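Report on one structure; see the data block that follows.
Naming: A, B, ... by sequence-line order, numbering from 1 per chain. Remember, it's a predicted structure, so these values are computed and weren't measured experimentally.
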There are 2 protein chains.
Amino acid sequence: MKTASIGVVLLLLLAGLFASAQTTPAQPPPAPSAPAVEDFKPASSNQLGKQYPQVNSERRARFHIVAPQAVNVRVPEWGGVTLTKGEDGAWVGTTRPLDEGFHYYRINIDGADVPDPGSKFFYGASRWGSGIEVPAHDEDFYAVKNVPHGQLRDNLYFSKSTNTTRHCVVYTPPDYDKNLNARYPVLYLQHGAGEDETGWGKQGHANLIMDNLIAAGQTKAFIIVMDNGGGNVFGGRGRGAPPGRGAPGAAPGGQPGGQPAGGRGRGGLDFSTFARILTEELIPYIDSHYRTLSDQPHRAMAGLSMGGGQTRQITLAHLDKFSHIGLFSGGSIAPDTPALADPAAFKQKVKVLFVSYGSKENTAAAKANHKALEKMGIKNVYYESPNTAHEWQSWRRSLYQFAPLLFQD
Amino acid sequence: MKTASIGVVLLLLLAGLFASAQTTPAQPPPAPSAPAVEDFKPASSNQLGKQYPQVNSERRARFHIVAPQAVNVRVPEWGGVTLTKGEDGAWVGTTRPLDEGFHYYRINIDGADVPDPGSKFFYGASRWGSGIEVPAHDEDFYAVKNVPHGQLRDNLYFSKSTNTTRHCVVYTPPDYDKNLNARYPVLYLQHGAGEDETGWGKQGHANLIMDNLIAAGQTKAFIIVMDNGGGNVFGGRGRGAPPGRGAPGAAPGGQPGGQPAGGRGRGGLDFSTFARILTEELIPYIDSHYRTLSDQPHRAMAGLSMGGGQTRQITLAHLDKFSHIGLFSGGSIAPDTPALADPAAFKQKVKVLFVSYGSKENTAAAKANHKALEKMGIKNVYYESPNTAHEWQSWRRSLYQFAPLLFQD
């Protein structure tokens, strides 16, 4: 599978592009004898009844893989975690303390990259693979509580321009099926490169974040639409994606904030194809199948990483369609951006401009742009997730901060 | 993980209980040099862009695992498929011709049972693991077509009796959100042992089967509710399941048709707890959150394997609530069943009684009961899926046969 290693290299390049390089230095693998507090518990991201992986109060993860005849078992993430074999044939290894929140990982058994059979599976890094949830001090905002719950709905819709049946996930708020006369604003919410339309629900807990905010009276109720924005590094063809375009095209240079200047995507679906599908096919589909408020003041778009780049490109090109913009670890808007040439017109159309990053990302450009826009009289919100990197905890917190700002007029 | 092997043994015992032992004899593993028609194509169940596993026109599956340092790679299913290592470090093996439809499988790398990183993952055998789709001559009935599609909805609901938040999946037909004055009948549809509420949507394609039937005018439109019926062999605690009860209790003896006589389930949720949740919590939840027709003539229940056993137990104990009954590879109803003591009363309440099996299962008891009931004047439908065993193709076809019979009065 030569393409796999090429894919990994491309993914790393890509992650770098959007993350603008994380500032956390690579750490050496912990010694097998690294001291650890022995209060490990099964991770909440485990499959039903599975005892491993586990996490302790220091936020270390411990892996446990039964592979009696293996000669080498390791976890390639976090600088590499070497597992050692016990007398029972099980390989065990423990990480350094990890950041709060969700992390993708994989197990390598004698050269084979495979999912850990103990964890649930999540789509990221262009594959269904393992993830581990490290408890966070603020996890209450995405906890499952006994409050009214909205629904996550799987939708299949036909895209004429690509001649494919596509899949999107739609969150409807708790009262959607009760207030049959009510119509709702809509947030289009995009995943990152190597992820898909399932990410915001499964690893992002977007539904739980909204259920809890709504129950606390902290946000307006709105519909969230999560579509597949492409960006699959390996390209290829599958349900919900048009024929792959093979290897990614030459990536255009990044603009201030780290997002590429629109143009080609990376296999699967290029940026302009996705922009066309979203504006010409998905929005009309949603507006005809859900009870939406379909005017510009009631439509928002946000995205993480690559999805932030797409949000920036699509919203700025269609300010007649979107009034609220959220970029999560996905660039920011520089003062010399053409859409800002007439600041008054921009202010009139854009009710909320929200930019966020994890504090461990390179946030210099975003902060500079935030101030520059304020100076121009363009109100905009900058949020920084404490002690997190280019990962889901930053994006969960970003949605939690962003949602209460929406549709307040 | 000693529990894993115990679990597998229990699962096999369990499968035997419900399948009444498949009649297909175990086949010897094919020789590595077994001739095969070289028209292999990536399976439709693969992850986006993954080239392996593949299937050829003889319905042989070919696996390909990159594990350069491994000493032994095999697929334990189908009597065991031994993979051999090529010079490129990839292990390759080909099966004998398989039955049409969907099959669970796993990869064993040097003693570690792991999912194949090429396939999508499905919940079965009490784990998220690999599955392979073998094209079927009749696959058109569950194909993705450009027809109006219904939705699969993820619902979280609180169960007072178990003090847990549970997850169920609900199919709503294509017009559900258009005809806001319409109310719909409901089918409660259950998975088998070691499976969960996601099975009917993901591997069963219940939504596509319904979409296609409705588009062809071959069935009434109705809601389908898929809940977690427990039966997780490993027990344990997780989202949507109350605390596990550890190892399964002593299984009661089977009745004619192969289902156990109600009573204890197998870890996770016992039969009577599930019956109580379904009748006292889930049905009221569905009737208050969906536009249902909530009277007995408009409520059906069906299930596969263990879910058939649950359907039989629950419907016969609650004929005031259910009018249509479907048992798919999950037993049948013997003439001396107490609920048939008054055949006239039974006939008055039960509008459809449907029993099905795969032709490769032991169908003797089901056929005998079918005839015995007919003799008693109780109309009932027996369906046999050609050339399939205790697997999903039998159950997809069962739903396809069953749905058009529902709610015709």
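- In plain terms, the two heavy atoms of A:Trp128 and B:Phe121 that are nearest each other are O-CE1, 3.4 Å.
- When all heavy atoms are compared, the tightest approach of A:Tyr123 to B:Gln47 is CE1-OE1, 4.4 Å.
- Minimum interatomic distance between B:Asp177 and A:His289 (heavy atoms only, all atoms of both residues): CB-O, 3.8 Å.
- The distance from atom CZ of A:Arg153 to atom CG of B:Leu152, rounded to the nearest 0.5 Å, is 11.5 Å.
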(request) Could you please spell out the steps behind the side chain to side chain contact (heavy atoms under 4.5 Å, CB included) verdict for A:Ile109 and B:Val114? (result) CA-CA 10 Å; A:Ile109 303 176; B:Val114 293; 4.0 Å; yes
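- Neither the backbone nor the side chain of A:Ser119 has a heavy atom closer than 4.5 Å to any heavy atom of chain B.
- The heavy-atom pair separating A:Lys145 from B:Thr165 by the smallest distance is O-OG1, 4.5 Å.
- The heavy-atom pair separating B:Ala112 from A:Ala67 by the smallest distance is CB-CB, 3.6 Å.
- Atom CG of residue A:Leu156 and atom CG of residue B:Asp211 lie 7.0 Å apart, to the nearest 0.5 angstrom.
- Only the side chain of A:Leu208 comes within contact range of chain B, judged by heavy atoms closer than 4.5 Å.
- For chain A, the option among B:Leu180, B:Thr172, B:Asn146 with the highest count of heavy-atom pairs below 4.5 Å is B:Asn146.
- For a heavy-atom cut-off of 4.5 Å, chain A lies close to B:Gln69, B:Ala70, B:Val71, B:Asn72 in residues 69-76 of chain B.
- Taking CG of A:Asp196 as the start and CG of B:Leu48 as the end, the distance is 8.5 Å to the nearest 0.5 Å.
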